[in-house]
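Following: one structure in structure tokens, then a few remarks.
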Amino acid sequence: MTPHDWYVENRVAFVARALEASEERLFSDHLPRCEECRREVARLERDLGALPMAATPVAPRPGLTHHLADAILYRRVWWRRAGPAFAAAAAVILAVGFGMRERQQRSTLTSALTDRERELSALRDTLSIWRESQRVVQRDIAMGNHRGGLLIFDDPTTHRWNVVMHGLPAAPADSVYQFWFITRSGMVRSVELRCDANKPAFATLDMPKTPGPVMGAALTVEPAVNHSPEPHGLELAHVQF
Amino acid sequence: MSPPPDAKPPLGETAASRRPAPLTLAGQSSLRDRLIARDERALVELIDAATPWLLGLVQGILQDQDEAEEVVLETFRIAWDRIATVGDEHEALMPWLLRIARNRAIDRLRRRARWRRKTERAESLGALGPATAPFSGPDESAHPGWHVHESVHAALRTLPEEQQKVVRLAYFGGLTHSEIAQRLGIPMGTVKTRLRLAFDKLRLALAPIQDWVR
């Protein structure tokens, strides 16, 4: 007797529900794996499909059939009736949710837009200076192993300079790169330029409010604590127009 | 016994306007199509026609009217919810419903703590009622499905008494092999053999009404 013979012998008992609980589980587990048993069980169920009709029909108590129909259809009616209310509630929740999300998103986007507009404005400004520049002056600067330079774009329309310092290491400890205007009345302290070898420094500078024209510029290394109106440190670049 | 269901026609429909016997083969096919189309009237018609049969079967197994009604409700719910997913589209509606109801009833029976007492009572009452003498009355022959009922009883009558008894306890009483053996005081192997022989004969004897099932 093969293990499968047990299933063959018990197909009828399975359909009749006469197997013990453990046997029934065993058979149920076997069915999905056995095409033959599935087919035979289905055939048995079909062949014996009329057998339950042997039971004597029982007249339902009064109102039972209506109760059954209501109980089944009520679920749908209930859902159908409650549907619009649920839909409205869901719409409100979604609207509030979307509203909050949209407000948050709008705030984030507004902030990002402001930043971009500021950057764009700066770029336009820079571009306008470069485009309108009538003079571009460049000086090479060597500092140890580093080879960098200073670029000055002069915009006579706006009377501003766009200054780029590149290729230089960060300023030595307790020191800064100091930019100077050379005017007819002397040196005028301007901005500190901060950079490192990988990050150039940019600055857009208005002309100093001193009498007479600007004649040139200088870049020096000054002590960070020294705010003297005259340069005292190492001069890296000197430009004369 | 008076088999017709509630006197009140469903959804305002008059008795005269009802469709012809829903438990004929054509009636079942039509009901099935309408149920798939979510026709609520079809559900009401099915409930009207099938409830007496389902109640008879389930009440015979459970011997409890309230529980039987719950099982019948579960059965119609399943039918309404899953009608479109019934695997074999050629299977008739009633055998499918009866199988669901019977399986549900047996599941309940086996979960019950008091099932032994109830099944003893079932045996004493006879779950099928008088097996060879079904009830008679002026309206029975007109009751939907009655011809099937008579044919099945005729088929059961062809079985020897000892096989009828095993079929009654297993199929309509929900008892297992060992419970039947204990009840009848016979070896379990004998129960299995009788059941198998009985079902082999019943398959042949029920063949003439196979059209109703398919």
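Numbered from 1 within each chain, the chains take letters A, B, ... in sequence-line order. What you are looking at is a predicted structure, and each value in this text was computed from that prediction instead of being measured.
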* Pair R110(B) + E20(A): basic N to acidic O under 4.0 Å -> no
* Any salt bridge between R17(A) and D107(B), counting N to O under 4.0 Å? -> yes
When rounded to the nearest 0.5 angstrom, what is the spacing between [atom1] in [X] and [atom2] in [Y]?
X	Y	atom1	atom2	answer
L68(A)	L73(B)	CG	CG	5.5 Å
L73(A)	E40(B)	CG	CD	4.5 Å
T65(A)	F76(B)	OG1	CZ	9.0 Å
W146(B)	M53(A)	CH2	CE	9.5 Å
L98(B)	E45(A)	CG	CD	12.5 Å
E69(B)	L64(A)	CD	CG	4.5 Å

* Non-neighbouring partners of R33(A) that pass side-chain contact (heavy atoms from CB on, under 4.5 Å), sequence neighbours left out -> D29(A), H30(A)
* To do: Taking the side chain as every heavy atom from C-beta outward, state whether L55(B) and P57(A) have any atom pair closer than 4.5 Å.
  => no
* Asked: Does some side-chain heavy atom of P52(B) sit less than 4.5 Å from a side-chain heavy atom of V58(A)?
  -> no
* Asked: Which of these passes side chain to side chain contact (heavy atoms under 4.5 Å, CB included) with P52(A): V152(B), V148(B), L54(B), L57(B)?
  -> L57(B)
* **When L44(A), V12(A), L51(A) are compared by non-hydrogen pairs under 4.5 Å with chain B, the top option** => L51(A)
* Asked: If only atom types and distance count, is the side chain of H153(B) paired as donor or acceptor with the main-chain N or O of A54(A) below 3.5 Å?
  -> yes
* Structure fact -> N145(A) meets the side chain to side chain donor-acceptor pair (under 3.5 Å) criterion, sequence neighbours left out, with none
* Structure fact -> Most heavy-atom pairs under 4.5 Å with chain A, out of V166(B), L204(B), N103(B), V58(B), belong to N103(B)
* Structure fact -> Interface check, chain A: of R99(B), R196(B), K192(B), most non-hydrogen pairs under 4.5 Å belong to R99(B)
* For R38(A), does the CZ atom sit with more than 12 other heavy atoms under 6.0 Å from it, leaving out its own atoms? -> yes
